[in-house]
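Chain letters run A, B, ... following the sequence lines, proteins first and then strands; every chain starts at 1.
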Amino acid sequence: MEKTSTDAEVSKNFIEKIIEKDLENNVISNGIVTRFPPEPNGYLHIGHAKAISINFSVAKKYEGVCHLRFDDTNPAKEELAYMEAIKKDISWLGFKWEPHEYFASDYFSAIYDIAVELIKQGKAYVDTLTPEQVREYRGTLTQPGKNSPDRDRPIEENLELFEEMRNGQHADGTMVLRAKIDMSSPNLNMRDPTLFRIKKIDHHRTGDTWSIYPMYDFTHPISDAIEGITHSLCSLEFEDHRPLYDWVVENSGLQATPHQYEFARLNLTYTVMSKRLLLQLVKEEHVSGWDDPRMPTLSAMRRRGFSPEAILDFTEKIGVARANSLVDYALLEHCVREDLNTTALRIMAVLDPLKVIIDNYPQDSEEWFEAENNPENPAAGTRKIPFSKVIYIEKDDFMENPPKKYFRLSPGKEIRLKHAYYITCTGIIKDGDQITEIHCNYDPESRGGSTPDGRKVKGTSHWVSASHSIDCEVRLYDRLFTAEIPGSRTGNFLDDINHNSIKVLKECKAESLIRELASDQHVQFLRTGYFCIDEKDSTPEFPVFNRTIPLRDSWEKLKKKMGI
RNA sequence: UGGGGUGUAGUCAAGUGGUUAAGACAUCGGUUUUUGGUGCCGACAUGCGUAGGUUCGAAUCCUACCGCCCCAGCCA
């Protein structure tokens, strides 16, 4: 059999290979179980979409399930409100986790019990070293650490002290529970890692029940084991934690043996992905909020008009591997265009209007043309659009002194008005240097956009009837940063911010159909780009559109090449 | 100078001893077109971090070297 890879033959990523091997070796008893474990301390971004997609998709592919588990072990940083936003984003992407919605905080008492058991087995101890001392005792990357004086505290005393920690009898930072592993391990995570710390603050779910909270490294493997997670997928920076993960699983007394596998997180050109930097953009008002359409958050992308299908397609196209990578933003753009091309309703809108008077068209007449709603999908049907004596076209679609290869309207030249007539420019009215309106004649023979003589017309413009059109606002967005890796030159990502990343046009004219658009309807303004209604600022009286992404523009490229 | 990873095109990424080194994005040509969009056709690694070695045969195995990433939170 030859290796003619048909479309069904897609290469498997390393995680799928591991799973298939596990399945083959019969080491999985109850099916594949994965989990997406967000910490509810911020908004999800496109990088999370990769993790979400991997976890949910792999579970689905192997007929398993994917749990949603909030990793809420640090009440100092987390907020309830984020949970709803996170759930909304995951649902929006199209993934379902019910009834498997969990919280690490649900396991607090189980985790506590395991800690007590570890103490009893002499595998954990209460340490009263100060945070500074703990750091000193830990050693460095090249030097081993040394044992804490508290390391050999009698078990009974540890039990008592831990109980006191739990009861809130000690202040924050005065003591911690540590695992007794190996202070000379070359892996710093194994140098007696902290298991529990004192935090006398309320937790958004458990209230004041606890004054101690478990660390991630202790919580995560236990949570995975409790839930029967088979493959715990996380990003590369947790690689060094895997021995500790395994240590906890082994010593927890739990039956299940989940395993951790790491993959490279997503990096995208022209954007930042860290929660800290994203938060800074919001706080310092470089953007209007977490859902500013220029942000890489899922809520922003939704508002911008990116479809979940496009984002999911992107997460598949970038693959899953263990090498650090920087994905070209153009790939995301490609996925968005590819999806929207097949789904977006075509509409005519003039963003920068130039008035055109058709002199030989009767004063008070109007007629209606049929226009296709989507040439890629005849099933989308057609609609009627009105034509009259005075119309608007795009200012860019007219030039008084056109360069070579400009085949739009100019004096004496003929173009086609999409779906309507051919017009020829006969005159220009100016106010100083400004062209205020142009005059044209139309060819009645060209009705519908072609003539009996079959003559060729190079240019086709979109247009809108002046008296029938609706005013609206259009917001044009560009990438938020001008550098592939923001901050790579100066060390400060703000130095690479694109100060022209938003352009607001308030005098746009569009088909009246825009008033009837659903809030999640994607449209293509013909020859311009893909747009959607801005869910926050749009009103029926004055619709506001966000440009999702412009159409590819080979004329723009040509112009650059010709130096125009 | 400890430990753990990782290097295949401008960017992702398959490839696991014998293939012409997949595919996608980007780029560049051509073509179709009532969107300068879309579609279609073509070009794009004598080469797999480098140098040796093993082998009839190496991106794949071995050795050494080099680059890059992560780790010293009572964050996740």
>> Under 4.0 Å from OP1 or OP2 of B:rC74: is there any side-chain N or O of A:Arg138 that close?
In response: yes
> Syn or anti: how is B:rG47 classified when any glycosidic angle within 90° of 0 counts as syn?
Replying inline: syn
> Who does B:rC40 pair with, Watson-Crick or G-U, both distances under 3.5 Å?
Replying inline: B:rG30
>> Expressed as a whole number of angstroms, how long is the span from A:Leu331:CG to B:rG23:C1'?
In response: 12 Å
> Of the candidate nucleotides B:rA72, B:rG36, B:rC25, which contains the atom at the shortest distance from the side chain of A:Arg135?
Replying inline: B:rA72
Atom pairs under 3.5 Å: protein N/O with N/O of nucleotides 9-11 of chain B:
| from | atom 1 | to | atom 2 | distance (Å) |
| --- | --- | --- | --- | --- |
| B:rU11 | O3' | A:Leu326 | O | 3.0 |
| B:rU11 | O2' | A:Leu326 | O | 2.8 |
| B:rU11 | O2' | A:Asp328 | N | 3.4 |

>> Taking the minimum atom-to-atom distance to the side chain of A:Ser554, which one of B:rG37, B:rU35, B:rC74 wins?
In response: B:rG37
> Looking at the side chain of A:His334, which of B:rC71, B:rG36, B:rA24 is the nearest nucleotide?
Replying inline: B:rA24
> Has the side chain of A:Arg552 got a donor or acceptor atom sitting under 3.5 Å from an opposite partner on the base of B:rU38?
Replying inline: no
> Hey, does the side chain of A:Thr73 come within less than 4.0 Å of B:rA76's phosphate (OP1/OP2), counting only N and O?
Replying inline: yes
>> If you assign each of A:Lys50 and A:Leu129 to its closest nucleotide in RNA chain B, which residue comes earlier from the 5' end?
In response: A:Lys50
> Out of B:rG7, B:rG37, B:rA76, which nucleotide sits closest to the side chain of A:Ala323?
Replying inline: B:rG7
> Between the side chains of A:Asn187 and A:Ser185, does any donor sit under 3.5 Å from an acceptor?
Replying inline: no
> Can a donor-acceptor pair under 3.5 Å be found between the side-chain atoms of A:Arg408 and the base atoms of B:rG36?
Replying inline: yes
> Using purine N1 to pyrimidine N3 plus N6-O4 or O6-N4 for Watson-Crick, or N1-O2 and O6-N3 for G-U wobble, both under 3.5 Å, which nucleotide pairs with B:rU20?
Replying inline: none
>> Given B:rU35, B:rG73, B:rG36, identify the nucleotide with an atom nearest to the side chain of A:Met215.
In response: B:rG73
>> Given the structure, check if the side chain of A:Asp240 and the base of B:rG3 hold any donor-acceptor pair shorter than 3.5 Å.
In response: yes
> Taking NZ, NE, NH1 and NH2 as the nitrogens, is one of them in A:Asp192 or A:Arg151 under 4.0 Å from a carboxylate oxygen of the other?
Replying inline: yes
>> Using a strict threshold of under 4.0 Å (side-chain N to carboxylate O), is an ion pair present between A:Asp553 and A:Lys557?
In response: no
> Side chain of A:Lys17: nearest nucleotide among B:rG4, B:rU16, B:rA76?
Replying inline: B:rU16
> What distance do A:Phe70 atom CZ and A:Arg205 atom CZ have between them, rounded to the nearest 0.5 Å?
Replying inline: 9.5 Å
> Which nucleotide sits closest to the side chain of A:Leu188: B:rA22, B:rC71, B:rG36?
Replying inline: B:rC71
> In the structure shown, which nucleotide is the Watson-Crick or G-U wobble counterpart of B:rG67, with both distances under 3.5 Å?
Replying inline: B:rU6
> Between A:Trp210 and A:Tyr112, what is the ring plane arrangement, given parallel below 30°, perpendicular above 60°, and tilted in between?
Replying inline: tilted
>> Quick one about A:Asn374 and A:Arg346 (side-chain donor to acceptor, distance below 3.5 Å, no hydrogens or angles considered), yes or no?
In response: yes
> Checking only heavy atoms, does the side chain of A:Glu376 share a donor-acceptor pair with the base of B:rG37 at less than 3.5 Å?
Replying inline: yes
> Taking any strand in view, what nucleotide pairs with B:rA76 in a Watson-Crick or G-U wobble way, both distances under 3.5 Å?
Replying inline: none
>> Strictly below 4.0 Å, N to O, side chains only: are A:Glu136 and A:Lys146 in salt-bridge contact?
In response: no
>> Please pick, from B:rG29, B:rG5, B:rU35, the nucleotide with the shortest atom-to-atom distance to any side-chain atom of A:Arg346.
In response: B:rU35
